[in-house]
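Taking it in order: structure first as C-alpha cells, then the write-up.
One is the number of the first residue; the rest follow in order along the sequence. Whatever order the structure lists ligands and atoms in, that order sets their numbers, starting from 1. On a predicted model such as this, the values are computed, not experimentally measured, just so you know.
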Amino acid sequence: MSSPHPDEERAARVAGRWRDAQRRVADAATAAGRDPREVRILLAVKTLPARVVREAVLSGATLLGQNRVQELTAVAPELAALAPTWHVIGHLQSNKVNAALQWAHAVQSVDSTDLAARLSRRCTALDRDLEVWVQVNVSGEATKSGVTPAAALELAAEVAALPRLRLAGLMTIGARSDDEALVRAGYARLRELRDALVGSGAPGTADAHGLSMGMSGDVELAVAEGATMVRLGSAVFGPRPPA
Ligand SMILES: *Cc1c(COP(=O)(O)O)cnc(C)c1O
C-alpha cells in the first residue's frame, strides 16, 4: 500500500486544529474579559495547496488571507464554489491591483496614498466597494512593510476619504521577539492609534474600529490588547516549509 500524500495527511488534521484554534481564541477573549464573538479568525493560507485550504473552509472557516496576488489568483478559483472571503494581507504592488480585485473583498496591507488612490480608482471603475485596512509597522523592524506609527493617522484619514474605500481599521504584524512585553506594547500602540483614529472625526473613520493583529505565536497578547481579527497560519496548517 502506498503511504498517503503529505497534503492529504495535512488536510486530515486541519478540522481538529481549526476547532482547537477557535477554542484558543475564545479562551483568550474570555481571559481578557472580552466577548469571544468580538474576535474573528482569518486563516493565512500562503504556500498551501487548495485541497488543504478547502478542508478549513469545509470546517467552517470563512475568512482567508493571501500574501501574494499570484497565489490568490491560483488558489481562489479552486475554492470559488465555497465562496470564502479573501483578504490580501501582504505587500500589494500597484501593478497587481487589478488582479487582486478579481478576488479580494479586502486589502489589509494599505501602506501608501498611492496604493490607496489606485485601489479607489479601480473600484470606482468596477462600481464596487472595497474594505481596506491601513498597515502600521509598530515594531519598526526594517523587514516589515507598513506606515510608521507617526504617519498612520494621516494616511488612514486620507484613505478613509477616498471614493469606494471603506476603512475597517488598522493592521499590524507584531514584533518578532520572545519578549512578551515588547510584543504586547506594539499591539497596545496599534490600539491607541485606532482609538485616536475613531475619535478624530475625520470623514469615513467613525467605523474604523478593527484591529487586525496576532498570529499563531502571540494570539493571546493581541486579544488582550483588543484584536478584533487574528490571522492564523501554522496553528491550523502546521509549520510551513522554509521560504
Ligand atoms: C503568515 C502570516 C500570518 C500567520 O502566521 P502564523 O505564524 O503562521 O500564524 C499572519 N499574517 C500575515 C501577514 C502572514 O504573512
| message | Within the 3.5 Å criterion, strictly below it, is a donor on W133 or Q135 matched to an acceptor on the partner's side chain? | response | no

| said: Can you see whether S212 engages R231 through a side-chain donor-acceptor pair at a distance of less than 3.5 angstrom? | reply: yes

| query | Would V45 and V88 show up in the same hydrophobic cluster when neighbours are defined by side-chain heavy atoms closer than 4.5 Å? | reply | yes

| task | State yes or no: do M229 and L43 share one hydrophobic cluster built from I, L, V, M, F, W and Y residues joined by side-chain heavy-atom distances below 4.5 Å, directly or via other members? | result | no

Do me a favour and list the nearest non-hydrogen protein atom to [atom] with residue, atom name and distance?
{"atom": "atom 11 (N) of ligand 1", "value": "R231 NE, 2.9 Å"}
{"atom": "atom 2 (C) of ligand 1", "value": "K46 NZ, 2.5 Å"}
{"atom": "atom 9 (O) of ligand 1", "value": "S216 OG, 2.4 Å"}
{"atom": "atom 10 (C) of ligand 1", "value": "M215 SD, 3.1 Å"}
{"atom": "atom 13 (C) of ligand 1", "value": "I89 O, 3.5 Å"}

| note | Contacts of R164 meeting side chain to side chain donor-acceptor pair (under 3.5 Å) (sequence neighbours excluded), chain-then-number -> D127, D129

| task | Taking only heavy atoms of L232 into account, list the atoms of ligand 1 that are under 4.0 Å away from them. | result | 9 (O)

| task | Report, in ascending order of atom number, the atoms of ligand 1 lying under 4.0 Å from any heavy atom of N67. | result | 13 (C), 14 (C), 15 (O)

| message | When you measure from the heavy atoms of R240 to every atom of ligand 1, does any distance fall below 4.0 Å? | response | yes

| said: Less than 4.0 angstrom from a charged side-chain N to a carboxylate O is my criterion; do D20 and R23 meet it? | reply: yes

| field | D195 side, atom CG; H209 side, atom NE2 - distance, nearest 0.5 Å | value | 9.5 Å

| query | Can you check whether G233 has an N/O within less than 3.5 Å of an N/O in ligand 1? | reply | yes

| field | Side chain, backbone, both or neither: the part of S234 lying under 4.0 Å from ligand 1 by heavy atom | value | both

